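Below is one structure, written out as structure tokens; comments come after it.
In this text the structure is predicted, and so the values were computed from the model without any measurement.
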Amino acid sequence: MFDVDVPGGAINKESRFIEGVKFSGKEVVAIDSPIGRLGVTVCYDLRFPGIYQLLRFQHEAQVLLVPVAFTKVTGQAHWEILLRARAIETQCYVIAATQARKHNDKRESYGDFLIIDPWGTIIGRLPDQ
């Protein structure tokens with residue numbers, strides 16, 4: 001789970017909402033689809049390139065799916081660059097969606113819908129507006 005305390009900014013402690021709940025997270029998931037083999041991840045996985053390497057080279061994923069909910073501060077710094085890096089290092093297409101919006105006075109998510117080719121080029125974008 002994602003915990004962050006940005007100096008002078010947002011404090012997000014997802015871990016406080018999951019006490020007593022077990023998350024296995026022991027397997028990577030790849031499934032066949034009409035457009036190719038899909039590697040399925042979640043938000044926090046984006047920070048760990050090894051998961052994407054496993055999906056590509058052991059599970060033969062061709063497209064990586066990344067649904068996320070980045071905070072505004074971490075999203076502005078990391079959202080696009082991490083997605084492009086995962087595309088380049090795996091030579092896969094990356095499809096990423098986020099819930100970018102102001103949820104309330106204390107929480108705002110960042111990002112937009114992106115499709116990135118294996119060269120790291122953004123070939124599709126739906127802005128957060």
Of all residues at least two apart in sequence or in a different chain, which pass the side-chain contact (heavy atoms from CB on, under 4.5 Å) check with [X]?
X	result
I122	E80, R84, L114, I116, R125
V42	D45
I123	Y93, I115, D117, T121

*Can you check side-chain contact (heavy atoms from CB on, under 4.5 Å) on L64 and T41, steps first, answer last?*
CA-CA 8 Å; L64 303 171; T41 65; 5.8 Å; no
*Heavy-atom closest contact (Q91 atom, P118 atom, distance)*: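 Q91 and P118 have their closest heavy atoms at NE2-O, 2.7 Å.
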*Where is the tightest heavy-atom contact between G39 and A61, given as atom of each residue plus distance?*
N-CB, 3.7 Å
*Is I35 reachable from F113 through a run of hydrophobic residues whose side-chain heavy atoms are each under 4.5 Å from the next?*
yes
*May I ask whether I88 and L54 are part of the same hydrophobic cluster, defined by side-chain heavy atoms of I, L, V, M, F, W, Y residues being less than 4.5 angstrom apart, directly or through others?*
no
_Please list all pairs meeting salt bridge (Lys or Arg N to Asp or Glu O under 4.0 Å) that have one or both residues in residues 29-39, counting only residues at least two apart or in different chains._
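Of all non-adjacent pairs touching residues 29-39, those that pass salt bridge (Lys or Arg N to Asp or Glu O under 4.0 Å) are D32-R37.
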*asked:* Determine whether H59 and V28 satisfy the following criterion, side-chain contact (heavy atoms from CB on, under 4.5 Å), listing intermediate values before the conclusion.
replied: CA-CA 8 Å; H59 296 275; V28 295; 3.1 Å; yes
*Roughly how far, to the nearest 0.5 Å, is CD of Q53 from CZ of F48?*
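Here the interatomic distance stands at 14.5 Å.
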*From H78 NE2 over to R47 CZ, what is the distance, rounded to the nearest 0.5 angstrom?*
5.5 Å
*asked:* Going by the rule salt bridge (charged side-chain N to carboxylate O under 4.0 Å, His left out), which residues pair with E60 if we only count those two or more places apart in sequence or in a different chain?
replied: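 For E60, no residue satisfies salt bridge (charged side-chain N to carboxylate O under 4.0 Å, His left out) once neighbours in sequence are set aside.
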*Pick out which of V63, L55, I95, V29 makes a side chain to side chain contact (heavy atoms under 4.5 Å, CB included) with L38.*
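The passing option is V63.
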_For F57, give me all partners under ring pair (Phe, Tyr, Trp, His ring centres under 6.0 Å), at least two apart in sequence or on another chain._
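For F57 there are no ring pair (Phe, Tyr, Trp, His ring centres under 6.0 Å) partners, ignoring immediate neighbours.
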